2 protein chains.
Amino acid sequence: MTNIQPTFRALADPTRRDILLMLRDHDMTIGEVAENFDMTRAAIKKHLTVLSDGGLITVRAQGRERINTLNPLGMAPVLDWLTFFDAFWDDRLNALKSVIEKDNT
Amino acid sequence: MTNIQPTFRALADPTRRDILLMLRDHDMTIGEVAENFDMTRAAIKKHLTVLSDGGLITVRAQGRERINTLNPLGMAPVLDWLTFFDAFWDDRLNALKSVIEKDNT
DNA sequence: TTGACGTAATACCAAAAGGTTTCATATAAA
DNA sequence: TTTATATGAAACCTTTTGGTATTACGTCAA
């Protein structure tokens, strides 16, 4: 379980990443999110579904509205995957870093 | 500059993520990478092009071969973007913490 | 030089992705 | 109750994506 693919997929679209940044400030309904983009509510709804499938947001009903909330924990698996390269970085990134720093001085 | 989209896009495919993991151990030619998958060299070549566009690998010619090398620097922008949400998590956690502390006094 | 090998490049195809439109449904408000 | 609002859902369209097959080109080895 804990399939990482839906999360990577959710992060791959710029509109969805923008939505995540917006939700960082406060929860939003679908309509509120849609106001910030030049596309229909239906399109935004699809994006929110993808984000939900990726575990990056949670949705709760409140009357006729749907409140979308950021779930930062959903990013953990992605971060974990990326840190698989930590060992690699220790060896080569540091070497590169010192070269760059040398270049900037 | 430093457009992050090609990098997120490159990471969104499972085959490409597998390739990155393979390149962690050692550099590989296109043919060598292709041996590990049930698809044509041409398909693998396309994936490698996407990875290169995303800045996640570098390619150098060696005779008639193309050596593909992992580029850890390419992941930095993605990590930076994701850590934007670490701050979010810290904020929430700290807020919760202060509420609890307030509650206990 | 000849032939095998590794890759590049193009055309092509099916499926998925991102979007719109339309209509139905549930809830809020008058 | 009537009407407006917020969303859900399906059909549909276009572009992108992931893959194949084919052909051509540069390089290595006999």
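None of these values were measured; they are calculated from a predicted model. Chain A is the first sequence line, chain B the second, and so forth, proteins listed ahead of strands; every chain is numbered from 1.
- Judged by closest nucleotide on DNA chain C, B/Thr29 is the one of B/Thr29 and A/Ala12 placed further toward the 5' end.
- Residue pairs meeting the salt bridge (charged side-chain N to carboxylate O under 4.0 Å, His left out) criterion with at least one partner in residues 34-52 of chain A, sequence neighbours excluded, are absent.
- Atom pair B/Leu48:CG and D/dG18:C1' shows a separation of 14 Å (rounding to whole Å applied).
- Of all the residues in residues 49-65 of chain A, A/Arg64, A/Glu65 reach under 4.0 Å from DNA chain D with at least one non-hydrogen atom.
- With B/Arg16 contributing its side chain and B/Ala10 its backbone, the two residues share a donor-acceptor pair below 3.5 Å.
- Listed by first and then second residue, the salt bridge (charged side-chain N to carboxylate O under 4.0 Å, His left out) pairs that reach into residues 57-82 of chain A are A/Asp27-A/Arg60, sequence neighbours excluded.
- Proximity of A/Arg66 to the phosphate of D/dA6: no side-chain N or O atom is located under 4.0 Å from OP1 or OP2.
- Proximity of a side-chain donor or acceptor of A/Gln62 to a complementary backbone N or O of A/Thr29 within less than 3.5 Å is not detected.
- We find that NE2 of A/His47 is positioned 12 Å from C1' of C/dT20, with the value rounded to whole Å.
- Counting heavy atoms from C-beta outward, A/Leu20 and B/Phe84 have side chains that stay 4.5 Å or more apart.
- Across the protein-nucleic acid pair, B/Asp13 atom CG and C/dA17 atom C1' stand 14 Å apart, rounded to whole Å.
- Proximity of a side-chain donor or acceptor of A/Asn68 to a complementary backbone N or O of A/Val59 within less than 3.5 Å is not detected.
- One atom, CG of A/Asp18, and another, P of C/dG18, lie 14 Å apart when rounded to the nearest Å.
- Residues passing the side-chain contact (heavy atoms from CB on, under 4.5 Å) test with A/Val33 are A/Ile19, A/Met28, A/Phe37, A/Ile44, sequence neighbours excluded.
- Side-chain proximity of A/Arg9 to the nucleotides C/dT7, D/dG18, C/dG18 is greatest for C/dG18.
- The two residues A/Leu56 and A/Thr7 come nearest to each other via the heavy atoms CD2-CG2, 4.0 Å.
- Residues from residues 38-46 of chain B with heavy atoms under 4.0 angstrom of DNA chain D, sorted by number: B/Met39, B/Thr40, B/Ala42, B/Ala43, B/Lys46.
- Recorded end-axis angle for the helix from C/dT1-D/dA30 to C/dA30-D/dT1 stands at 20°, based on five pairs per end and rounded to 10 degrees.
- Distance B/Phe8 CZ to C/dG18 P: 14 Å, rounded to the nearest Å.
- Contact between the side-chain N/O atoms of B/Thr15 and the OP1/OP2 oxygens of D/dG18 is not found at any separation under 4.0 Å.
- Expressed to the nearest 0.5 Å, how far CG of A/Leu51 lies from CG of A/Asp13 amounts to 8.5 Å.
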